[in-house]
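In each ligand, atom 1 is the first atom listed, and ligand 1 is the first ligand listed.
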Amino acid sequence: MKDIKILQNLFSAIEGYISTDKEMEIGHGESPEELIALLDLEKSGNREDPQVLSYWIDKYLKYCVKTHHYGFSNRMWAGANIPSIAGEIVTAISQTSAGSYEAAPVSILMEKFMIDEMLKLVRFTDGEGQMTTGSSNANMVAMMTARNLFSSRVKSAGLFGQQELYAFVSADAHYSLDKTINILGIGLDHLIKIPVTPKGEMDIPILEEKIEEIIRLGGNPFFVAATLGTTVRGSYDPLPSILELKEKYGFWLHGDGAWGGSAIFSDTLKEKYLQGIESLDSFTVDFHKMPGTALICNVLLFNNRRGIMDFACNVGDKSYLHRKEDSGGDYNLGAHSLQCGRKVDSLKWFLDWKYYQKEGFGERIEKYHKLAELGEQIILASDELEMLVPRASFNLCFRYKVKDNINEFNRELRNELQKSGKILVAYGFIGQDLTLRLLLTHKDMDEALLSDFFKTLIDAGNKLRRLYE
Ligand SMILES: *Cc1c(COP(=O)(O)O)cnc(C)c1O
């Protein structure tokens with residue numbers, strides 16, 4: 001009885017939260033001290049009283065950042081797709097771990113189904129894949145696989161007494177590759193960062209020079225990660241040229257498509273940005289970024305080497321859990337995962353896929369791309385704003401123009417907007433310059449909302465400039 005009451009209360013809280021309210025604000029950027037005072041976490045109520053739960057859930061929803069607000073452009077995702085939220089709720093209710101077929105048969109078959117859908121889309125043949133805890137982790141599993149394949153002794157002997165390994169990424173690659181090379185014991189000095197061209201793409205002649213240099217010094221260039229949509233600028237490393245080098249030097253080529261890999265859903269954008277993707281060794285894309293599936297939802301795919309995950313990842317005692325001889329034993333995805341307990345991430349993904357379908361995701365990604373073009377035009381046409389670098393794909397790196405202290409001004413502008421509750425925009429640096437970074441990932445974003453966004457931003461900038469002058 002009480003359990004049902006708790007869930008009923010929850011549903012009315014959820015309804016209140018997601019119903020679109022024009023007056024809704026994103027949040028106000030309270031400091032930890034302010035928020036600690038507002039939350040009053042010490043407060044207690046009656047034991048096992050459903051009202052206590054309602055009280056805290058309301059508090060949580062009141063003070064959390066409203067990521068489903070149109071002005072939330074702070075991360076590479078915004079509010080999640082409702083079908084995937086439904087999936088998350090069912091996942092919680094039916095609580096299981098997606099490692100063994102025995103305990104999670106439906107989830108595992110859905111995961112395998114979705115991986116096959118993705119393999120077809122990317123046109124990997126004889127491939128396989130797994131859902132991981134995000135692209136950071138996927139990048140790591142990809143590099144680990146390349147490492148273990150490069151030298152079959154690594155798995156047992158470790159890196160002791162091995163020739164030195166070197167990996168290559170662009171200077172704008174995601175920091176998870178630094179984490180990866182640290183975790184894998186290869187070492188940060190062995191991650192060679194290749195400068196980018198003025199367009200933000202890996203400079204291929206320099207990549208080749210560096211590979212040659214490492215070979216001359218007796219090292220092994222075993223791994224290159226092409227970033228397919230860099231985090232700050234949205235640039236795509238040129239796959240066809242890197243594939244020529246792969247042919248020549250034989251390294252493992254991974255595509256980090258966490259952000260821009262979503263172009264895969266649109267035939268035109270795939271043609272534009274992802275030529276050669278079918279020849280990668282591995283590829284990852286986050287469904288929780290542009291596609292809008294609830295966090296966390298990621299897939300890592302391997303090309304041409306069915307069985308490689310078993311070879312690279314499967315170690316340790318399988319006597320109590322991942323027994324091949326059990327019914328469904330070949331479906332024990334946990335054996336190839338770095339985790340033991342695995343959250344069910346497949347259901348929400350599957351529900352989104354069935355609901356929107358490939359075409360729906362394609363249209364959505366194309367819409368974001370068109371809106372990014374439009375946003376660029378708005379910036380170029382405005383007297384107040386400027387692009388910091390030209391648009392490479394989906395990301396808009398821009399700032400409000402002032403003569404002095406431009407970095408401080410833009411940081412202040414961003415903070416003012418945050419306090420207003422209307423816009424929470426990301427920022428980063430390109431060289432020494434602070435850039436506001438507009439990432440369009442709200443599924444309902446349209447032209448009218450986008451021009452509202454710029455109007456709010458420019459108005460706040462004008463107001464702040466008058467204070468500064
Ligand atoms: C976001 C991002 C990542 C990290 O993805 P997570 O799912 O947050 O771990 C990796 N690479 C790129 C290019 C990204 O944009």
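Near K289, the atoms of ligand 1 lying under 4.0 angstrom from a non-hydrogen atom of the residue are 1 (C), 2 (C), 3 (C), 4 (C), 5 (O), 14 (C), 15 (O). For ligand 1, the atoms lying closer than 4.0 Å to a non-hydrogen atom of G229 are 13 (C). Distances below 4.0 Å separate heavy atoms of H174 from the following atoms of ligand 1: 2 (C), 3 (C), 4 (C), 10 (C), 11 (N), 12 (C), 14 (C). When each atom of ligand 1 is checked for a heavy atom of H288 under 4.0 Å away, the hits are 7 (O). Those atoms of ligand 1 with a heavy atom of T231 less than 4.0 angstrom away are 12 (C), 13 (C), 14 (C), 15 (O). Less than 4.0 angstrom separates some heavy atom of W259 from each of these atoms of ligand 1: 15 (O). Those atoms of ligand 1 that come under 4.0 Å of a heavy atom in M76, given as number and element, are 1 (C), 15 (O). Below 4.0 Å from some heavy atom of S136 lie the following atoms of ligand 1, by number and element: 4 (C), 5 (O), 6 (P), 9 (O).
In terms of polar-atom proximity, D256 is counted as a contact of ligand 1, with an N or O under 3.5 Å from an N or O of the ligand.
The proximity of A258 to ligand 1, defined as any non-hydrogen pair under 4.0 Å, is limited to the side chain.
The existence of a salt bridge linking K193 and D178 is confirmed by a sub-4.0 Å separation between a basic side-chain nitrogen and an acidic carboxylate oxygen. Salt-bridge check for E117 with K120: passed, with a basic side-chain N closer than 4.0 Å to an acidic carboxylate O.
For the residue pair N304 and D126, no side-chain donor N or O sits within less than 3.5 Å of a side-chain acceptor on the partner. With no hydrogens or angles considered, a side-chain donor-acceptor pair links H336 and D310 at under 3.5 Å.
Distances from ligand 1 to the non-hydrogen atoms of D286 include at least one value under 4.0 Å. Using a non-hydrogen distance threshold of 4.0 Å, A138 does not register as a contact of ligand 1.
Taking the six-membered ring where the residue is Trp, H369 and F394 present perpendicular rings, their angle passing 60° and hence far from 30°. Ring geometry for Y166 versus H190: interplanar angle under 30°, hence parallel rather than tilted (30 to 60°). Using cut-offs of 30° and 60° for the angle between ring planes, the F251 and Y249 rings count as parallel.
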